[in-house]
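Encoded as structure tokens, the structure appears first; notes follow it.
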Protein chains: 2
Amino acid sequence: MLLRTLYFDGPLSRNELTKVTGLSAATVSSMTGDLLAEQIIVEAGQVDSDGGRPRVLLRVDPSYGYLIGADVAETHVRVELFDLDMTERARVEYALRPARHEPELVARHILAGIDVVLADAGVSAGQVLGVGVGVPGIVGPGPEAVVDAKTFGWDAVPMGALLRSGTQLPLFVDNGAKTMGQAELWFGSGRGAGNAVIVLVGSGVGAAMINDGIAFRGVSSSAGEWGHTKIVAGGRSCRCGGRGCLEAYIGAEAILDRAGVPTGKAGWMEEVSQVLDAGGPVVDETIYYLGVGLGSLINLLNPDRIVIGGWAGLLLGERLLPQIRTAAAENALAQPYAAASIVLGRLGPDAVALGAATLVLEDFLNETPLTSRVTAAG
Amino acid sequence: MLLRTLYFDGPLSRNELTKVTGLSAATVSSMTGDLLAEQIIVEAGQVDSDGGRPRVLLRVDPSYGYLIGADVAETHVRVELFDLDMTERARVEYALRPARHEPELVARHILAGIDVVLADAGVSAGQVLGVGVGVPGIVGPGPEAVVDAKTFGWDAVPMGALLRSGTQLPLFVDNGAKTMGQAELWFGSGRGAGNAVIVLVGSGVGAAMINDGIAFRGVSSSAGEWGHTKIVAGGRSCRCGGRGCLEAYIGAEAILDRAGVPTGKAGWMEEVSQVLDAGGPVVDETIYYLGVGLGSLINLLNPDRIVIGGWAGLLLGERLLPQIRTAAAENALAQPYAAASIVLGRLGPDAVALGAATLVLEDFLNETPLTSRVTAAG
DNA sequence: ACATCTTAGTTCAGACCCTCACATAAGCCG
DNA sequence: CGGCTTATGTGAGGGTCTGAACTAAGATGT
């Protein structure tokens, strides 16, 4: 936890650490002593004295350990190696042919990728704190990390077990959209917010909710299904079988569909930009419906920040953030709206691997140093 | 925390406590020893031995301390005294004349009520662990407990400070609907659920959300404004100024309004029962819209239990709970719906004082014994 | 140049909480 | 009535944190 503050609040002197953490100077001194001895943190210059002894700044050593993040996407498996500063040190990508998403193949790619990025960066496996994997679909809790992903034809795939057989490294598996939210929360636009809501608009529509720094997971870890919130009772029909779902208005396919653009053929995603650039009533309506959804979220959850992400969300936000803010204001109560700043995600749609690596980082910052870590995230 | 398990999970032996809390037998033994010495807990019989030494059951002594709850309502101020079992020991009620809601008057009633219930039950002020107050409107955080309540004409009323000048007892002030939710969660239908959502339908519509045992408060403690979630974009206009809010369909006034019954005159609340008993499309629609709202909540929050409360919610639920369940199922995804049981509140609409007393209890169970408690809930 | 002041960081005895290992209590069983 | 079983109490010891006293390293003033 001391490590956590040092990590996030940049280089700090021991003295400042006592103020920030509320611990006594004695505790900070001995704890930092241990961390220095273990080489987890290093000294980072001094700060001019203002009359007394100068303060020695401490920071986490970015090369103390490394994190691996994997992004299992529709068209490829990408594996990236990061240092503790989340600077990318190596990456490798394996293309997936359409409809060739066998779990074993994906697992082989990930395992091979781990070896490749380690070799490329000249990092030994012993220095790696763990491997995070972002996959599509729903991930069950526990070390098995059972994955159900309709788009891949995966049904109860024990991704954790598949990978476990090929590596000793600690493993963390979670839904790719959630890892992206995680990345945005820790290193993107959500940084510093205690009550953030990360809104992900892509083909599907989801939300990650943070209350007082703690993620809202729900009883079976499936909280965040924002897309099937009904905003027009009896409205457009949705692929979930219902009518009037938010996703049926602002999901990427829904935008194109309302604009009369077919979504079946390859490359349809490119069309979204064109539709948005063209403007017109379809775009106005999209903003309006997004505002309706955001307004309800603001009322219900009273966040201090809303981060708009997901590839379609970013396309929308880049062009129309002020309009989105206005639409949200018109659909929220004044008091909670005033407390919420609505911002655009900063990491772009490629942050899945970064977010997956963040799962490892989170564990690293939570654990007592030098305890073995062999869990899977739910 | 040991106290907490003892309180909720009834009489338990020290041995069972080790299993439930995960603490060692040694710790439990010495801790319970302290609690026994302080008379917070007492022995409560034994359990037949199955071969070995019989287990001694321990439970919280209901007369160790007392809790006072106050309900500041439209027509009255009620003050109730409870023991730690939440058994009511005394109550007193002061009528409020219409439009006579001066903060000073209310505060005087509460302070007088405290003296009266103590005298009636023969309890000394020293035995009281604190006073909880449920008020209408929005309560600010901090010991000032600043209250804004439009219906009372209150604007930034420092209720905490007003009461503080008249009593030494620890004070806790919160919104009455929230205290009702709290009561339902701890002692009513929400008991035992870790991820409950308490839905309150009265004149207004709100929700209290619990994630993993922790209340979702939001950045300025105003989370839970469920009523102004838009369910029919561009629909009925709502008193909040928006259109298509949930409250404009299922709020008590909205139900009557849609049934063509005027809501201005005194006693209009009685009419709701009649409208609901009469049945017809207005009732069907109410159920439908409630189902839409519940379905969205279930998707977004993935609760294990939804408790329907509030006076209008109870009237609806008593008659039509199966239909409400069906309507929610039709508007939620199958997986989260299956995880959520939808039940009716059990405490009735008069549980505000009980819930207010629960604020005190919560504090008592959180604090280390014998530490002074002088805060106000936000 | 040197004492003095100021602020930063260290050391150490001790409070507190929890656990392990063992002792003790209190019932059944033959 | 001794042995078995299970429940509870006790005391040494490890870990974590703190207060108070101590040392370190610079600025400042004469």
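Letters A, B, ... are given to chains in the order of the sequence lines, protein chains preceding strands, and every chain is numbered from 1. This structure is a prediction, so every number in the text was calculated from the model and none was measured.
Rounded to a whole Å, the CG atom of L17(B) is 16 Å from the C1' atom of dC18(C). To the nearest angstrom, C1' of dA25(D) lies 14 Å from CG of N15(A). If you measure from atom CZ of R14(B) to atom P of dT19(C), you get 17 Å, rounded to the nearest angstrom. Separating the CG atom of L35(A) from the P atom of dT16(D) is a distance of 12 Å, rounded to the nearest angstrom. Taking atom CD of E16(B) as the reference point, atom P of dT6(D) lies 15 Å away to the nearest angstrom. Computed from coordinates, the L12(B) CG to dT8(D) P distance equals 11 Å when rounded to whole Å. Between the CG atom of L23(B) and the P atom of dC20(C) there is a distance of 11 Å, given to the nearest Å. Rounded to whole Å, atom P of dG9(D) lies 8 Å from atom CG of L36(B).
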Requested in this report: Would you please test R217(B) and D174(B) for salt bridge (Lys or Arg N to Asp or Glu O under 4.0 Å) and show each step?
Outcome: CA-CA 12 Å; R217(B) 304 200 69 92; D174(B) 206 344; 3.8 Å; yes
Query raised in the report: E184(A) and R305(A): salt bridge (Lys or Arg N to Asp or Glu O under 4.0 Å), yes or no, with the steps?
Result: CA-CA 12 Å; E184(A) 205 61 71; R305(A) 195 171 307 168; over 6 Å; no
**Report entry** Worked check of ring pair (Phe, Tyr, Trp, His ring centres under 6.0 Å) between Y66(A) and F82(A)
**Finding:** CA-CA 6 Å; Y66(A) 296 86; F82(A) 302 90; over 10 Å; no
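In this structure, R55(A) does not reach the dA25(D) phosphate: none of its side-chain N or O atoms is under 4.0 Å from OP1 or OP2. A sub-4.0 Å separation between OP1 or OP2 of dT8(D) and a side-chain N or O of S29(B) is absent. In terms of phosphate contacts, T27(B) brings no side-chain nitrogen or oxygen within less than 4.0 Å of OP1 or OP2 of dC18(C).
In this model, no side-chain donor or acceptor of R53(A) finds a partner on the base of dA25(D) within 3.5 Å.
In this structure, V56(B) reaches the sugar-phosphate backbone alone: every heavy-atom distance under 4.0 Å involves primed, P, OP1 or OP2 atoms, never a base.
In this structure, N175(A) contributes its side chain and K178(A) its backbone to a donor-acceptor pair below 3.5 Å. Using modelled atom types, no side-chain atom of Y7(A) and backbone atom of M1(A) make a donor-acceptor pair closer than 3.5 Å.
Taking the nucleotide of DNA chain C with the nearest heavy atom to each of A26(A) and G52(A), the more 5' of the two is matched to G52(A). Heavy-atom distances to DNA chain D give each of M31(A) and G33(B) a nearest nucleotide, and the one nearer the 5′ end belongs to G33(B).
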